[in-house]
S.K.: 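Attaching a single structure in structure tokens format; questions to follow.
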Amino acid sequence: MTAALLGRVLAYAPHAQSLLRCSAPCSGPARRWFCQEPEPPSAPKPPLRAFIRFYVGQTDTIKKQNPGITVSEMAKKVAHTWRNLSVSEKQAYKAAEEIDMQVYKEQLALYNAQLTPSQKAALMEERIKKKASTELKRQKRELAIFGKPKKPHSSFNFFMAERFQEAKGISAREKIKWVGDEWQNLSNSEKQYYVQLAEDDKIRYANEMKLWKEQMIEAGREDLLSWEKKSKMLRNKAKKPVTVSKVKTAMTVKTAKASSSPEVLAKVVETKKSEE
């Protein structure tokens with residue numbers, strides 16, 4: 001309620017945002033309303049790898065020689081040709097990659113130098129969310145491939161599946177509301193049939209999960225058994241806002257890894273101690 005009211009005030013009085021502007025860099029939800037940080041500029045793009053350079057150069061020729069070729073067939077042909085190249089032929093592509101990589105590193109250093117602490121925090125927050133989302137999708141895909149049993153349905157789920165088609169309403173939302181109202185109007189005795197279906201489904205799920213866990217252990221994929229715990233950790237990590245101090249700590253650690261200087265390593269230790 002408060003956030004909605006504040007949004008209306010800022011919408012009708014744009015100058016109010018400048019009056020409420022933070023005196024120090026901020027992160028998280030506060031950045032949206034109080035910080036007038038400009039959007040960070042576009043980061044330089046990393047150079048193409050040696051094989052990708054070769055792939056791009058070969059596609060037109062292969063398409064002319066093989067009209068209607070699919071993407072997968074194209075990739076196989078180019079990969080086969082790449083494997084048969086001599087070391088000296090591959091070196092030309094690798095040398096071009098190294099030259100562009102050096103230019104990229106210089107551009108990236110200039111790009112990072114012009115970012116404000118708040119912009120760095122926003123970019124780090126975005127990277128963490130993107131990485132967590134990618135990992136969740138990968139794990140979910142693996143679970144589907146290895147046939148993880150579906151979770152048990154609730155009594156209302158069974159009722160919904162039975163009555164949804166005959167529900168009144170045009171949109172799915174209207175139909176769901178109608179079914180929900182019908183469910184609320186059922187007596188306990190009328191609900192008992194669906195409650196029993198849900199109990200039976202719980203037993204089905206427990207038996208299938210027991211067998212699936214045994215199969216995963218035999219296959220050496222015990223890591224999939226703790227997927228729910230991992231997914232919860234990833235979601236919590238993605239929701240946690242990134243602060244400016246966290247960015248500074250990450251940059252210090254990165255510098256320490258790139259250097260064997262005792263002074264730099266000591267600085268990392270002191271930073272971590274102060275945060276704790």
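Numbers for residues simply follow the sequence, beginning at 1. The figures that follow rest on heavy atoms only: side chains count, while hydrogens, waters and symmetry mates do not.
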S.K.: Less than 4.5 Å apart, any side-chain heavy atom of Met209 and any of Lys148?
M.R.: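 Met209 reaches Lys148 side chain to side chain.
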
S.K.: When clusters are formed by joining ILVMFWY residues with side-chain heavy atoms under 4.5 Å apart, either directly or through shared neighbours, do Tyr193 and Leu186 land in the same one?
M.R.: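 They do share one cluster, since a chain of ILVMFWY contacts under 4.5 Å joins Tyr193 to Leu186.
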
S.K.: List in chain and number order the residues that pass side chain to side chain contact (heavy atoms under 4.5 Å, CB included) with Pro46, two or more places apart in sequence or in another chain; answer none if no residue qualifies.
M.R.: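 With sequence neighbours excluded, Pro46 shows a side chain to side chain contact (heavy atoms under 4.5 Å, CB included) to Tyr104, given in chain and number order.
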
S.K.: If you round to the nearest 0.5 Å, how far is CD of Gln184 from NZ of Lys191?
M.R.: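 Answer rounded to 0.5 Å: 5.5 Å.
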
S.K.: To the nearest 0.5 angstrom, please state how far the CG atom of Leu225 sits from the CG atom of Leu143.
M.R.: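 Going from CG on Leu225 over to CG on Leu143, the span is 9.5 Å.
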
S.K.: Using salt bridge (Lys or Arg N to Asp or Glu O under 4.0 Å) as the criterion, list what pairs up with Arg138, not counting sequence neighbours.
M.R.: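 With neighbours one apart ignored, the set is Glu135, Glu142.
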
S.K.: Please list all pairs passing the side-chain hydrogen bond (donor to acceptor under 3.5 Å, both in side chains) test where one or both residues lie in residues 208-220, with sequence neighbours left out.
M.R.: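 Every side-chain hydrogen bond (donor to acceptor under 3.5 Å, both in side chains) pair that includes a residue of residues 208-220, provided the two are not neighbours, is Arg204-Glu208.
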
S.K.: First locate atom CD of Gln139, then atom CG of Asp223, and finally report the distance between them rounded to the nearest 0.5 Å.
M.R.: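 CG of Asp223 is found 8.5 Å from CD of Gln139.
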
S.K.: If you look only at pairs with a residue in residues 86-108, which of them pass as a salt bridge (Lys or Arg N to Asp or Glu O under 4.0 Å), with sequence neighbours excluded?
M.R.: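 The answer is Arg49-Glu97, Arg53-Asp100.
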
S.K.: Restricting to pairs with a member in residues 112-150, which pass ring-ring contact (aromatic ring centres under 6.0 Å, His included), not counting sequence neighbours?
M.R.: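 Pairs touching residues 112-150 that pass the test: none.
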
S.K.: Could you check Asp181 against Trp178 for side-chain contact (heavy atoms from CB on, under 4.5 Å), going step by step and ending with a plain yes or no?
M.R.: CA-CA 5 Å; Asp181 292 339; Trp178 186 87; 5.6 Å; no

S.K.: Please say whether more than 12 non-hydrogen atoms of neighbouring residues, nucleotides or ligands are located less than 6.0 Å from OH in Tyr111.
M.R.: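 It does: Tyr111 OH has more than 12 such atoms within range.
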
S.K.: Sequence neighbours excluded and cut-off under 3.5 Å, please list the side-chain donor-acceptor pairs for residues 156-166, or say none.
M.R.:
unit_1	atom_1	unit_2	atom_2	d
Asn157	OD1	Ser154	N	2.9
Asn157	OD1	Ser154	OG	3.0
Glu162	OE2	Tyr194	OH	2.5
Arg163	NE	Glu166	OE2	2.7
Arg163	NH2	Glu166	OE2	3.2

S.K.: Counting only heavy atoms from other residues, nucleotides and ligands, does the tally under 6.0 Å from NZ of Lys202 exceed 12?
M.R.: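 No, NZ of Lys202 has 12 or fewer neighbouring heavy atoms, counting only those of other groups under 6.0 Å.
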
S.K.: Apart from Ile203 itself, what residues make up its hydrophobic cluster, given side-chain heavy atom links below 4.5 Å?
M.R.: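 Its cluster mates, by chain and number: none.
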
S.K.: Any salt bridge (Lys or Arg N to Asp or Glu O under 4.0 Å) involving residues 61-74? Give me the pairs, sequence neighbours left out, ordered by first then second residue.
M.R.: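 Pairs touching residues 61-74 that pass the test: none.
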
S.K.: Let me confirm one number: the CG-OG1 distance from Asn66 to Thr61, rounded to the nearest 0.5 Å.
M.R.: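 Spacing of CG (Asn66) from OG1 (Thr61) equals 10.5 Å.
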
S.K.: Mind checking who shares a hydrophobic cluster with Val71, ILVMFWY linked at side-chain heavy-atom distances under 4.5 Å?
M.R.: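 Its cluster partners, ordered by chain and number, are none at all.
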
S.K.: Just checking, any donor-acceptor pair under 3.5 angstrom between side chains of Ser118 and Thr116?
M.R.: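 Side chains of Ser118 and Thr116: no pair found under 3.5 Å.
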
S.K.: Just wondering, are more than 12 heavy atoms of other shown residues or ligands nearer than 6.0 Å to CG in Asn84?
M.R.: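 Yes, CG of Asn84 has more than 12 neighbouring heavy atoms, counting only those of other groups under 6.0 Å.
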
S.K.: Give the other cluster members for Val103, using side-chain heavy-atom distances under 4.5 Å between Ile, Leu, Val, Met, Phe, Trp and Tyr residues; answer none if it is isolated.
M.R.: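 Taking Ile, Leu, Val, Met, Phe, Trp and Tyr as members, Val103 stands alone, with no cluster partners.
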
S.K.: Trp82: which other cluster members, linking ILVMFWY side chains closer than 4.5 Å, directly or transitively?
M.R.: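 Cluster partners of Trp82: Leu48, Phe51, Ile52, Phe54, Tyr55, Val56, Ile62, Ile69, Met74, Val78, Leu85, Tyr93.
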
S.K.: Test of understanding: with side chain to side chain contact (heavy atoms under 4.5 Å, CB included), list the residues that count as partners of Lys76, not counting sequence neighbours.
M.R.: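 Checked Lys76 against side chain to side chain contact (heavy atoms under 4.5 Å, CB included); zero matches.
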
S.K.: May I ask you to check whether Asp200 and Gln196 show a side-chain donor-acceptor distance below 3.5 Å?
M.R.: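 Yes, a side-chain donor-acceptor pair sits under 3.5 Å.
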
S.K.: Taking only Lys NZ, Arg NE, NH1 and NH2, and the carboxylate oxygens of Asp or Glu, determine whether Glu125 and Lys129 approach each other closer than 4.0 Å.
M.R.: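 The answer is yes: the pair qualifies as a salt bridge.
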
S.K.: So does Leu108 get a backbone contact from the side chain of Asn112, meaning a donor-acceptor N/O pair under 3.5 Å?
M.R.: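 Answer holds: yes.
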
S.K.: Assess the side chains of Ser187 and Glu190: does a donor N or O sit below 3.5 Å from an acceptor N or O?
M.R.: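 The criterion, which ignores hydrogens and geometry beyond distance, is satisfied for Glu190 and Ser187.
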
